[in-house]
S.K.: 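Structure in structure tokens, see below.
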Number of protein chains: 2
Amino acid sequence: MSTSIDPSSTRSLPWTVWPTAPSSDACLDLEALQQHLAVTRRKHKAGQHLFHAGQPFRALHLIHSGSFKTSGLTDDGRERVTAFKMRGELIGVDSIGLGSYACDAVALEDSESWELPYPAVMKAAAHVTGLQEQIHAALAAEIRCDRSWMLLLSTLAAEPRVAAFLIDMAARQARMGYSAKHFILRMSRLDIASFLAIKHETVSRALSHLADRHFISVQRREVRVLDAEGLREMAVAA
Amino acid sequence: MSTSIDPSSTRSLPWTVWPTAPSSDACLDLEALQQHLAVTRRKHKAGQHLFHAGQPFRALHLIHSGSFKTSGLTDDGRERVTAFKMRGELIGVDSIGLGSYACDAVALEDSESWELPYPAVMKAAAHVTGLQEQIHAALAAEIRCDRSWMLLLSTLAAEPRVAAFLIDMAARQARMGYSAKHFILRMSRLDIASFLAIKHETVSRALSHLADRHFISVQRREVRVLDAEGLREMAVAA
DNA sequence: CGAAAGATTGAGGTGTATCAAGATCAGTGG
DNA sequence: CCACTGATCTTGATACACCTCAATCTTTCG
């Protein structure tokens, strides 16, 4: 299990909390934060809910290991994946200011999260200089990330979307210290399709086609990036 | 000009700053805010830029009258409208934490904005109780709004998108105290198309079709809502 | 008034959805 | 251990919604 982290390493925290946004450098200073609030660790089995939409909002959740998807419900009741979150990223920020969570959060694999009680975070922000700005920056980064995906989804055809998705996954993989050339997709084709706003058959076809062109190789959820440059070109062009 | 506000009314401020999000109730307490920072008023002609992407970020902008569009640039250089903002809404929050603005903002009609210098806002937030939470809530609301549109854009076909767009416009119109049944679209079909991620011809056709069904009547940019319930049904179904 | 921009409508092509059938894998229990 | 079941993934054939290209008409503004 190359993705699981030794729990003993959680004592010392030279960590930064990254926003999901691609190409963003804003991050929370966890070291400063942890001196001012008590975090609760929680373990989750694959498929288990971190929280449900509608549950009372009390805390932000920092992913310590593993990965999650967040999903909303359309008016007619279908599920729609709004984001994938991995180690070092925050879940729940979009629920700030609401009484309850605005989305569902589900573990894609066995994972561990840290609960950051929101009132405590706010109190800490008042004391720790710079934390306020960092929180604002993290929220703004989340907005930019969403905008960035809206841009992609509205501009690009199905295949480039999949290419862009792979590039994003690779980049985040690299940020966590893993290989950007070889990684495992933790989510199903259906989840990817839902996130990219296409059908899962189309995702399959796109992946197959990208493999045919030797940009990548795919075997089920295992992805190898053979030609990163080619992928990037694919993701901007039509 | 039913949308322009008498400038003399700007002295007293029983105002709230609304997030763009549909069905959200978070807002800034402007009265408290204005006691702690100096706002600069700016007037803008239709088509004029409030700011360009890349310009140094110094302030948030509160729309006092008129309306704006914000737009980003895709990798291949095409413009994409990311949001429409009207009276009482904030522009520029997505640029917090960056050195420069992340998007362009253009006036859709003759408008007036108030500049809220960001450092001053942050200082005020430290003094005014509750302001901190309000700012967070406003940012989070922006995220939810984007998510909500992502959901719509990815789920709905062209015509329901246009219906949803009209419903949103009507709701915001109502919030400003104007009629939700009769309003003027301040943006071109091209802008609407760009925002909804469809072609402008498709927007035209959708509007015509909605009019054929007597849900609305359209003449150029003037819209009358004849059957709000029907529109709503249209916007959730396929 | 004339030119340019915006809006509407039509005809035909393309990409993705839809429907359907197999293939592969994970988990379960006999 | 293997058969069995359901979930996930892949691939194919067809249909349809939207895009593309194009013409016409209206409005706006110099």
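In the text below, chain A, chain B and the rest are named by the order of the sequence lines, each starting its count at 1.
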S.K.: Whole-Å distance between C:dG6 C1' and B:Leu108 CG?
M.R.: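 To the nearest whole Å, that distance equals 15 Å.
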S.K.: By a strict heavy-atom criterion of less than 4.0 Å, which residues belonging to residues 199-224 of chain B are in contact with DNA chain D?
M.R.: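 By residue number: B:Lys199, B:Glu201, B:Thr202, B:Arg205, B:Arg220.
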S.K.: Would you call B:Glu89-B:Arg175 a salt bridge at under 4.0 Å N-O?
M.R.: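 B:Arg175 and B:Glu89: salt-bridged.
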S.K.: Give a yes or no answer on whether the side chain of B:Ser111 reaches the backbone of B:Glu109 with a donor-acceptor pair at less than 3.5 Å.
M.R.: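 Yes; at least one donor-acceptor contact below 3.5 Å.
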S.K.: So which pairs with a foot in residues 209-219 of chain B pass side chain to side chain donor-acceptor pair (under 3.5 Å), sequence neighbours left out?
M.R.: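 Side chain to side chain donor-acceptor pair (under 3.5 Å) check on residues 209-219 of chain B returns B:Glu159-B:His209.
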S.K.: Figure out the CD1/P separation between B:Ile198 and D:dC16, and round it to whole Å.
M.R.: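 Atom CD1 in B:Ile198 sits about 21 Å away from atom P in D:dC16.
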S.K.: Rounded to whole angstroms, how far apart are CG on A:Asp191 and P on D:dA7?
M.R.: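 Atom-to-atom, A:Asp191 to D:dA7, this comes out as 15 Å.
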S.K.: Mind checking what makes side-chain hydrogen bond (donor to acceptor under 3.5 Å, both in side chains) contact with A:Ser95, not counting sequence neighbours?
M.R.: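 Counting only residues at least two positions away or on another chain, A:Ser95 forms no side-chain hydrogen bond (donor to acceptor under 3.5 Å, both in side chains).
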S.K.: Quickly work out the A:Leu196 CG to C:dT16 P distance and round it to whole Å.
M.R.: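 Rounded to whole Å, this separation is 12 Å.
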S.K.: Atom CZ of B:Arg186 to atom C1' of D:dT28: distance rounded to whole Å?
M.R.: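 To the nearest whole Å, that distance equals 15 Å.
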S.K.: Within this structure, what is the CG-to-P distance between A:Leu156 and D:dC19, rounded to whole angstrom?
M.R.: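 Those two atoms, CG and P, are 14 Å apart.
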S.K.: Counting N and O atoms only, with roles assigned by atom type, does the side chain of A:Asp104 sit under 3.5 Å from a partner on the main chain of A:Ala53, one being a donor and the other an acceptor?
M.R.: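 Yes; at least one donor-acceptor contact below 3.5 Å.
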S.K.: Could you give the CD1-to-C1' distance, from B:Ile184 to D:dT28, as a whole number of Å?
M.R.: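 After rounding, the reported distance stands at 16 Å.
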S.K.: Between C1' on C:dA4 and CG on B:Leu190, what's the gap in Å once rounded to a whole number?
M.R.: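 Spelled out: CG on B:Leu190 to C1' on C:dA4 is 14 Å.
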S.K.: Less than 4.0 Å between a side-chain N and a carboxylate O, is that true for B:Glu112 and B:Arg41?
M.R.: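 So B:Arg41 pairs with B:Glu112 through a salt bridge.
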